Structure formats: C-alpha cells, structure tokens
Amino acid sequence: LSADAVIAVDGIFWLRSDEDWSDADIDARQYQYEFKELLAQYRLDNWQLSTGIQTVTLGLADALSVSNTLNAQDLSVPGSQDIDDTVVPAWTTMATGSIGPVRLKTGLVHRHQLNQLPTQGTDFDTGMQTMLDMANLNLTQERLALENVGGFASFSGVAGAIDWQLNLISQLEHTPVLELAFNGSAAVPVALHYPRTT
C-alpha cells in the first residue's frame, strides 16, 4: 500500500490584502490539497498489479510524454504550474511487466475525468461557465459505468539505438464538444458531448 498527498498554500495571497482578491480566487487557490497517489500494489517476479488513485505515463518516458493522454489536466491556473503537476490522478487499475524484451503496460481508467478549468470569478476565468449557465448546461463527469471506462495497452522496448513504443488507447475526451445552435444572429450552446477517442 502506498500514498502520496500534497498540501499547498499559495503565497501570492500574502502579498496583498484579502480585499484585493475575489472570494472565488481565495476559495479556489489559497489552500489546496489532493491525493497524488493512493493505491494497492502486488508484485510477482517482474510483473506488478496496482489499483487506486494514480497517474499513468505510457511507454518509456517518465514525464512530459507526448502520448500521455490518459489523465485529465489541471488547467485552472494556466501557465503558472509545473507541467508535471497539472496531471490529475485517476482511479486506475494497471498491470505492468515484460514479455521477453517487450515491456507491457495495460489497464483501465475506471472514472471518466474532466480537465479542471478555472473557477468562475477567478483571475483565469474564460467565461465558459457563465455561457453554460445561461444555457442551463453543466460540465459533469460521466457516471461510473462500463461504457465510460477508458482502456489502454502500451508496448515498448529498445532495438539497438532506437527506443520504440506502440500505444493503444480508447477513452472519453477530457473536454466536451460544445454543440451550438443559432438563435437569431448569435450562436448558443445547446448540448455537451463527450466523444470516445480510440
């Protein structure tokens, strides 16, 4: 069993008085905590099975992998966070091991995840939530159900001077597609869709 939790205090709020900040900014950013990892692991020889809150990077890279699309991202404070810290952990079950010279990672992401967007009323608010509120639409995680589960398999290895990998992923998008309809001369959102990408 292993756990990794983060508690953070944003020092920017100490530089100016509370009156200089909106309540939404203070509530969303002054104090934060999250579990980066909370999982159970079992190892047997060169195989490992794990389940719980974790992040998964496919292939050989440990960080900044261009193929790391399994996890949603924290986009609530764009440009001011380390890119490694923007990956949102998810409830994932994964098996890893080696078949000869080939490394295998395979598993399921059990809960559909949304990218974390800026809180309404904060410095980085894009106005999207206000637009959705006017149309009576909500950004929501898809319910826990088999049709919303993400699956992945990654094969990787080394052939001479070449590192190679093959990734297979099927999952719902972390950001929904916004369906628009024209109301007079203005485009109005009418529905949110979470398409599956394979």
Side-chain angles (χ1 to χ4, degrees), residues 3-14 18 21-39 50-58 61-94 107-145 147-152 169-180 189 191-197:
D4 181 9
V6 173
I7 300 174
V9 179
D10 194 334
I12 193 71
F13 294 95
W14 298 338
D18 286 352
W21 303 98
S22 70
D23 290 340
D25 255 327
I26 293 172
D27 292 343
R29 293 171 47 204
Q30 188 169 21
Y31 302 103
Q32 299 176 52
Y33 65 91
E34 67 173 324
F35 279 103
K36 304 295 280 186
E37 186 176 279
L38 180 62
L39 56 86
S50 64
T51 187
I53 305 296
Q54 58 185 313
T55 58
V56 177
T57 302
L58 299 179
D62 291 326
L64 301 179
S65 172
V66 296
S67 61
N68 188 18
T69 61
L70 286 171
N71 293 85
Q73 291 184 297
D74 181 355
L75 306 175
S76 60
V77 190
S80 62
Q81 300 179 84
D82 187 292
I83 195 166
D84 291 339
D85 294 333
T86 64
V87 180
V88 179
W91 175 26
T92 305
T93 297
M94 177 173 64
L108 300 172
V109 180
H110 300 282
R111 292 286 321 250
H112 169 241
Q113 294 174 279
L114 285 177
N115 285 331
Q116 293 180 14
L117 300 178
T119 302
Q120 193 169 4
T122 63
D123 289 346
F124 298 100
D125 183 12
T126 60
M128 174 181 259
Q129 191 60 54
T130 301
M131 180 179 67
L132 294 176
D133 288 345
M134 289 173 27
N136 200 25
L137 295 173
N138 291 312
L139 289 169
T140 57
Q141 316 255 52
E142 291 291 286
R143 63 190 177 87
L144 182 61
E147 63 266 24
N148 298 330
V149 168
F152 63 93
I169 302 171
S170 180
Q171 66 184 15
L172 298 185
E173 288 296 310
H174 303 307
T175 299
V177 172
L178 193 60
E179 182 182 338
L180 299 176
L192 294 168
H193 303 288
Y194 298 89
R196 176 168 290 275
T197 297

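Quick caveat: nothing in here was measured; it's all calculated off a predicted structure. Note that the numbering runs from 1 along the sequence shown for the chain. Heavy atoms only: backbone and side chains are in, while hydrogens, waters and symmetry mates are out.
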Could you tell me if the side chain of [Y] sits less than 4.5 Å from the side chain of [X], heavy atoms only?
| X | Y | value |
| --- | --- | --- |
| N148 | Y194 | no |
| T175 | L114 | no |
| E142 | L172 | yes |
| T51 | W91 | yes |
| V77 | D10 | no |
| F152 | Q171 | no |

Side chains of N138 and T140, donor plus acceptor under 3.5 Å: no
Counterpart residues, side-chain contact (heavy atoms from CB on, under 4.5 Å), relative to Q129 (two or more places apart): Q120, L132, D133, L139
Residue pair Q141 / H112: nearest heavy atoms and the distance that separates them: OE1-O, 3.0 Å
Heavy-atom pair of closest approach, residues A135 and P189: CB-O, 3.3 Å
Exam field: side chain [X] to backbone [Y], donor-acceptor pair closer than 3.5 Å:
| X | Y | result |
| --- | --- | --- |
| R196 | S170 | yes |
| Q113 | H174 | no |
| N115 | Q73 | yes |

Quick one: list whatever passes side-chain hydrogen bond (donor to acceptor under 3.5 Å, both in side chains) with [X], sequence neighbours left out.
| X | answer |
| --- | --- |
| T92 | none |
| T55 | none |
| E173 | T197 |
| T86 | none |

Of T57, V87, L58, the residue whose pairing with L70 passes side-chain contact (heavy atoms from CB on, under 4.5 Å): L58
Hey, can you pull the donor-acceptor pairs under 3.5 Å for the side chains in residues 31-39, sequence neighbours left out?
residue: Q32; atom: NE2; partner: R29; partner atom: O; Å: 3.3
residue: E37; atom: OE2; partner: S2; partner atom: OG; Å: 3.1

Verdict with reasoning, L117 to T126, per side chain to side chain contact (heavy atoms under 4.5 Å, CB included): CA-CA 9 Å; L117 300 178; T126 60; over 6 Å; no
Rounded distance (nearest 0.5 Å) linking atom CG of L180 with atom CE of M131: 7.0 Å
